Amino acid sequence: MNKIYYLASCDTCRKIIKSLPNSNKLTFFDIRQNPISESDLEEMYQLSGSYEALFSKKAQLYKSLGLKDKNLTEADYKKYLLEHYTFLSRPVVLFNNEIFIGNTQPNVLKLTKALQSV
């Protein structure tokens, strides 16, 4: 299934979604309303190869919990991703067995090109 995990209250997520072609081909999951399940996270992990790749080090909770001063393992990243939605680098799009993580311009351009092809 083609999915997008996003935060409805995030201006950046909304802006990206609005700019995407064929976004109707995606099933939307607001991660605040529907927290990421372990099976969802496993699917993301299979495509990304790393929990750290899915983890946002920009999250305020990352700083306030002092996580930047710790050596986190993949197991730690997984635990925090399942504990609180804010740790997911948003948006995450699973499309045609590819994963697009975060809001960097190169990532959004790759996603846009992939969605234009349908």
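Numbering starts at 1 and runs along the sequence shown. Just so we're clear, the structure is a prediction, and the values are computed from it rather than from any experiment.
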Original post:
Above 12 or not: heavy atoms from other molecules or residues under 6.0 Å from CD of Gln105?
Top reply: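 Count not over threshold, so no.
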Subject >> Atom CG of Asp69 with >12 non-hydrogen neighbours under 6.0 angstrom >> reply: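 Above 12, so yes.
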With rounding to the nearest 0.5 angstrom, report the [atom1] to [atom2] distance, [X] to [Y].
| X | Y | atom1 | atom2 | result |
| --- | --- | --- | --- | --- |
| Leu94 | Met1 | CG | CE | 10.0 Å |
| Cys13 | Ile31 | SG | CD1 | 7.5 Å |
| Ser9 | Arg14 | OG | CZ | 7.0 Å |
| Phe100 | Leu109 | CZ | CG | 11.0 Å |

Is the shortest heavy-atom distance from the side chain of [X] to the side chain of [Y] under 4.5 Å?
| X | Y | result |
| --- | --- | --- |
| Leu82 | Glu38 | yes |
| Ile4 | Phe29 | no |
| Met44 | Tyr5 | yes |
| Phe87 | Leu61 | yes |
| Leu81 | Ile36 | no |
| Asn22 | Asn24 | yes |
| Val93 | Leu26 | yes |
| Leu88 | Leu54 | yes |

**OP:** Apply ring pair (Phe, Tyr, Trp, His ring centres under 6.0 Å) to Phe95 and list each qualifying residue two or more places apart in sequence or on a separate chain.
**Re:**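 If we apply the ring pair (Phe, Tyr, Trp, His ring centres under 6.0 Å) test to Phe95, skipping adjacent residues, there are no hits.
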Between [Y] and [X], is there a salt bridge with N-O shorter than 4.0 Å?
| X | Y | value |
| --- | --- | --- |
| Glu74 | Lys78 | no |
| Lys3 | Glu43 | yes |
| Asp76 | Lys79 | no |

Original post:
Just checking, any donor-acceptor pair under 3.5 angstrom between side chains of Ser37 and Ser39?
Top reply: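 Yes, side-chain donor-acceptor contact under 3.5 Å.
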**OP:** For Arg90 and Ser56, test the side chains for any donor-to-acceptor distance below 3.5 angstrom and give the result as yes or no.
**Re:**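 Ser56 and Arg90 do not have a side-chain donor-acceptor pair below 3.5 Å.
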Original post:
Is there a path of hydrophobic side-chain contacts, each under 4.5 Å between heavy atoms of I, L, V, M, F, W or Y residues, that connects Val92 with Phe28?
Top reply: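 Per the 4.5 Å side-chain linkage, Val92 and Phe28 are not co-clustered.
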Original post:
Quick check: does any side chain N or O of Asn2 sit under 3.5 Å from a backbone N or O of Asn96, one acting as donor and the other as acceptor?
Top reply: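 Checking the backbone N and O of Asn96 against the side chain of Asn2, a donor-acceptor pair under 3.5 Å is found.
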Original post:
Is the backbone N or O of Ile101 less than 3.5 Å from a side-chain atom of Asn107, with the two atoms forming a donor-acceptor pair by type?
Top reply: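 Flag set: sc Asn107 to bb Ile101 pair under 3.5 Å.
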**OP:** Let me know which of Lys63, Glu52, Lys68 forms a side chain to side chain contact (heavy atoms under 4.5 Å, CB included) with Lys57.
**Re:**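 Between Lys57 and the candidates, side chain to side chain contact (heavy atoms under 4.5 Å, CB included) is satisfied uniquely by Glu52.
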Atom of [X], atom of [Y] and distance for their closest heavy-atom approach:
| X | Y | answer |
| --- | --- | --- |
| Arg32 | Leu7 | CB-CD1, 3.6 Å |
| Leu47 | Glu98 | CD1-O, 4.1 Å |
| Ile16 | Pro91 | CD1-CD, 3.9 Å |

Original post:
What residue among Tyr85, Tyr45, Tyr62 forms ring pair (Phe, Tyr, Trp, His ring centres under 6.0 Å) with Phe55?
Top reply: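 When ring pair (Phe, Tyr, Trp, His ring centres under 6.0 Å) is applied between Phe55 and each of Tyr85, Tyr45, Tyr62, only Tyr62 qualifies.
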